[in-house]
Structures are given as structure tokens and as C-alpha cells.
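Only one structure is covered here, and it is reproduced in the block below.
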Amino acid sequence: MPAIASSVEVVPRSRIRELAEIAMSMDGVLRLYFGESNLPTPDYIKQAAICAMQQGFTFYTENAGLPSTRRAIAGYYRAMQGIDLDPAEEIVVTASGVQALHLGIRCVLDPGDDALVLTPAWPNGSSSAMMANARVVQVPHPLRGERYAIDFEALEAAVTPRTRMLLYTSPSNPLGWVATDEEQQRLLDFARRHDLWLIADEVYDRLFYAGGKLGEPVPSILRKATREDAVLVIHSFSKSYCMTGWRVGWLIGRRDAIAKATQLNEFIVSHAPTFAQKAGETALAEGEPELLRMLERLKENRDLCLDALQGLPGVTVPKPDGAFYLFPCVEGLDDSFEFCRKLLMETRVGLAPGVAFGNGGEGSVRICYAAERSILEPAMERLTRFLRAGG
Ligand SMILES: Cc1ncc(COP(=O)(O)O)c(C=O)c1O
């Protein structure tokens with residue numbers, strides 16, 4: 001019998017999904033394991049999709065996405081980041097952030113290349129690199145005092161003649177860490193010095209609590225990079241606009257990479273759903289008031305969870321500046337999957353095990369605090385009771 005290709009057999013299962021599958025077979029679970037809010041997509045976006053369908057946006061589009069959607073994304077970067085992008089040559093609309101990441105990675109890696117990934121990180125980047133038959137080298141963020149940092153010495157030491165790319169995520173899933181201005185500059189310098197592609201996953205850039213005022217985005221790496229730099233930015237409508245199920249995102253990068261990504265899109269998904277692209281345009285144009293309300297709620301949720309966990313004996317939880325996750329580290333924990341399984345069975349609280357996020361993740365659990373208060377409050381009460389009782 002022919003076997004499954006060994007190159008894909010090596011791609012591990014998502015351990016977040018593994019835990020979620022157990023939880024989905026149970027009733028009454030307080031679900032904090034996925035990276036999404038339990039709020040539905042706002043009505044104005046749904047209406048835009050309905051309207052788009054009625055207007056006939058139900059046909060194939062360009063592989064790079066509708067020109068109007070790319071113009072809307074370019075306009076958004078001009079307004080939010082002060083960056084001028086060429087919508088015709090520097091942007092591809094993708095069918096989600098996952099697909100942007102996959103497409104970007106596919107464009108820069110050859111079989112046998114090395115891909116550096118800063119971890120703990122959402123596992124899809126490493127898995128996409130493996131699917132491109134590359135070798136993944138995970139370099140963990142060390143916790144220095146109250147803040148996660150980048151271990152630039154470890155990064156230098158990890159470079160080989162086959163290293164082609166470095167992936168980092170800021171704001172980070174699962175850490176909530178946000179790269180400082182200096183860290184961004186050093187990452188860019190590092191990539192330039194070693195002739196690497198720098199892939200920046202910025203899908204959480206609007207979920208930022210440490211800016212001048214709420215609603216300010218995390219400054220994109222594109223502010224520092226030139227358009228000739230080997231930089232790719234991954235983005236998505238999912239997190240800022242509660243559009244996880246719509247599967248629409250974008251990829252920004254150097255012209256040659258975007259041209260190749262556009263061409264490859266034909267063979268992967270052809271393009272993002274047409275009416276979802278139109279709805280995305282409306283989200284970018286009209287989404288600020290709703291986004292601000294969501295940010296206020298998320299910030300309160302973050303503080304509620306921090307209050308519950310900080311001060312618990314044996315629990316370390318740095319205050320995150322972005323995204324919607326806490327990643328508490330539990331002293332003595334060496335099997336986070338088993339911890340989450342037991343927590344689920346005994347308390348019906350579903351968290352993501354830290355081991356799912358690669359090197360540096362074991363020993364922690366990820367809490368997504370985007371849920372409503374009516375879910376978060378009992379979940380935190382049960383979790384803290386469980387932790388106090390020794391897990
Ligand atoms: C860091 C990161 N990047 C990208 C994505 C992709 O989001 P989507 O595929 O829903 O656009 C996610 C989703 O959880 C994420 O956490």
C-alpha cells in the first residue's frame with residue numbers, strides 16, 4: 001500500500017487542537033483554548049458581505065485579491081502606520097493569516113533550508129516551514145525580570161549556511177510580548193547581516209495596550225524596513241474584527257516575493273472569498289469605533305485575569321502588552337498537556353497547553369481572555385482553585 005509522504009508525516013499535530021477535540025466532546029466547557037473572542041462578527045461587517053453578494057461579488061477575483069481590497073489595505077497602512085505601499089505590487093489578499101504565513105514561507109524556503117522561529121509561538125509557522133521540507137530551529141524568548149526578551153546571542157549561534165528566514169510574532173501569541181523599537185531594529189539588522197528573510201507576523205498589531213492611547217497600533221516593521229528589504233508581513237482580519245470564520249488576511253512584501261506569492265495563490269486557493277474581501281474593506285473603513293470598544297473590554301479582561309493569577313504561589317505571569325493571551329508559568333509543571341486535560345475533566349475549563357507552542361512553552365498554559373465576563377470570571381475562579389489545590 002502506498003504510504004503518506006514522509007515529508008508530511010513529520011509535521012506534528014496541533015496540541016491545541018488535540019485538547020480542543022476532547023473539550024468539544026464535552027458539555028458545559030468554559031472554552032479559553034482557541035485564539036478568538038466568543039463575540040460574533042459585528043453586524044456592519046455582516047451587512048457589507050450580504051450587500052456584496054447581492055451586488056454580484058460572487059465570482060472569481062484576481063489571484064492577488066480585488067484591486068479595491070488591496071487599495072483599502074494600502075490606505076489603512078497609510079492612515080495607521082504612515083507607510084506608502086503599492087497596492088498593485090506589494091500586497092496579496094489571502095484566505096486568512098494562516099494562508100499568508102504558509103504562502104510567504106513557501107516563497108522563501110527550499111527543501112533542506114533552515115528556518116529560525118522565535119518561540120514559544122503559535123505552531124503554524126514551524127509547521128508550514130516543515131511542510132516546505134525545511135528544518136525548523138526554534139529559539140526561545142527568555143524571561144528577563146518582568147519581560148520576555150529576544151536572545152540575540154542564541155539567534156547568532158543558530159545561524160548556519162542553510163539559514164534562510166527568521167519568523168517572529170509581535171504582539172506574540174502566546175506571550176502577549178511586543179517587540180520594542182530597539183528589538184525590531186536589531187531583528188532587521190540581524191536579518192540584513194545574515195541575508196535572511198525576516199517574516200513578521202503582525203496579526204495582533206491592533207490589540208495593543210501600551211501605546212500612547214488605546215487604538216494605536218504596534219508600529220509595523222515596515223516603518224523601519226525599506227521596500228527593497230527581504231521582509232514579509234503577515235496580517236489578518238480575524239483578530240481585529242472578530243472575523244475568524246471568514247478566512248481573509250493579507251501578505252505584504254518585496255515585489256518579487258509578492259509576484260511569486262500571487263502566482264502560487266492560483267494553485268493553493270486561487271484567491272480569498274470575494275464577498276469576504278468586500279466585507280474586509282468595510283471593516284477597515286468603518287471598524288474603528290467597534291475596535292475601540294473591544295480593546296477597552298479586552299484590557300479589562302486582561303487585568304481581571306492578571307489580578308486573579310498574580311500572587312498565586314508558584315505562578316509567574318508577566319503583564320502582556322498586546323494580543324489577548326496570558327501565558328502563566330507554573331512552578332514544577334512538566335506536562336502542560338496533562339495539566340490542561342485534568343483541569344478540563346475536573347473543572348470544565350479549557351486552556352491551551354504551553355507545550356503546543358514549541359521550545360520554551362512547556363511549563364506554562366495559555367489563557368485566551370477574549371471571552372465574555374460571564375465565562376472568564378467562573379473560569380478564573382475554577383483555575384485558581386485548581387492551582388491552589390496543587391493542580
Ligand atoms: C500569531 C498568529 N498568526 C496568524 C494567525 C492566523 O489567523 P487567521 O488564519 O484566522 O487569519 C493566528 C491565529 O490564531 C495567530 O495567532
Side-chain angles (χ1 to χ4, degrees), residues 14-17 19-20 31-41 45 65 69 73 91-106 117-129 131 138 141 148 166-179 198-208 217-218 220-221 232-252 265 268-269 271-273 276-277 279-280 283-284 287 298 320-327 351-352 354 356-358 360-361 366-371:
S14 161
R15 305 225 63 201
I16 311 172
R17 189 51 76 173
L19 197 285
R31 301 173 199 281
L32 307 180
Y33 41 75
F34 281 148
E36 64 183 350
S37 147
N38 60 343
L39 292 180
T41 306
I45 300 177
T69 311
I73 293 169
I91 301 170
V92 189
V93 185
T94 57
S96 75
V98 172
Q99 202 237 322
L101 188 61
H102 191 73
L103 193 58
I105 286 176
R106 223 40 209 87
V117 179
L118 283 188
T119 57
W122 181 63
N124 291 41
S126 291
S127 295
S128 284
M131 287 166 76
Q138 299 188 344
H141 285 273
Y148 288 97
L166 165 62
L167 168 66
Y168 78 100
T169 309
S170 167
S172 152
N173 170 8
L175 302 177
W177 164 86
V178 177
L198 184 61
I199 305 191
D201 185 334
E202 299 186 347
V203 306
Y204 294 100
D205 71 343
R206 299 304 308 279
L207 310 188
F208 184 40
V218 173
S220 171
I221 190 72
L232 294 175
V233 168
I234 311 301
H235 219 302
S236 168
F237 289 89
S238 287
K239 312 294 174 175
S240 316
Y241 304 107
C242 301
M243 289 175 70
T244 48
W246 296 64
R247 315 313 295 138
V248 57
W250 64 84
L251 176 68
I252 295 173
N265 228 13
I268 300 173
V269 61
H271 59 79
Q277 296 185 51
L284 295 180
L298 286 176
D321 287 336
F324 45 39
Y325 306 105
L326 291 185
F327 200 61
L351 304 183
F357 302 93
R366 188 191 71 177
I367 302 167
C368 174
Y369 58 76

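Remember, it's 1-based here, ligands and their atoms both numbered in the order they're listed.
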For this session: Kindly write out the residues that satisfy ring pair (Phe, Tyr, Trp, His ring centres under 6.0 Å) with Tyr204, not counting sequence neighbours, or none if the list is empty.
Result: Phe324, Tyr325
Exercise. With sequence neighbours excluded, what pairs up with Ser37 under the side-chain contact (heavy atoms from CB on, under 4.5 Å) test?
Worked result: Leu39, Cys242, Arg297, Ala370
Problem set entry | Given Trp177, Phe357, Phe327, the one that forms ring pair (Phe, Tyr, Trp, His ring centres under 6.0 Å) with His141 | Trp177
Seminar exercise, completed: Sorted by chain and residue number, the residues having a heavy atom closer than 4.0 Å to an atom of ligand 1 are Ser96, Gly97, Val98, Trp122, Thr169, Asn173, Asp201, Val203, Tyr204, Ser236, Ser238, Lys239, Arg247
For this session: Determine the sole option in Ile45, Leu284, Thr41 for which the side chain to side chain contact (heavy atoms under 4.5 Å, CB included) test with Phe237 is passed.
Result: Leu284
May I have the list of side-chain donor-acceptor pairs in residues 167-176 shorter than 3.5 Å, sequence neighbours left out?
| from | atom 1 | to | atom 2 | distance (Å) |
| --- | --- | --- | --- | --- |
| Ser170 | OG | Ala179 | N | 2.9 |
| Ser172 | OG | Leu175 | N | 3.0 |
| Asn173 | OD1 | Arg366 | NH1 | 2.7 |

Exercise. So, the side chain of Ser96 versus the backbone of Val98: is there a donor-acceptor pair under 3.5 Å, distance only?
Worked result: yes
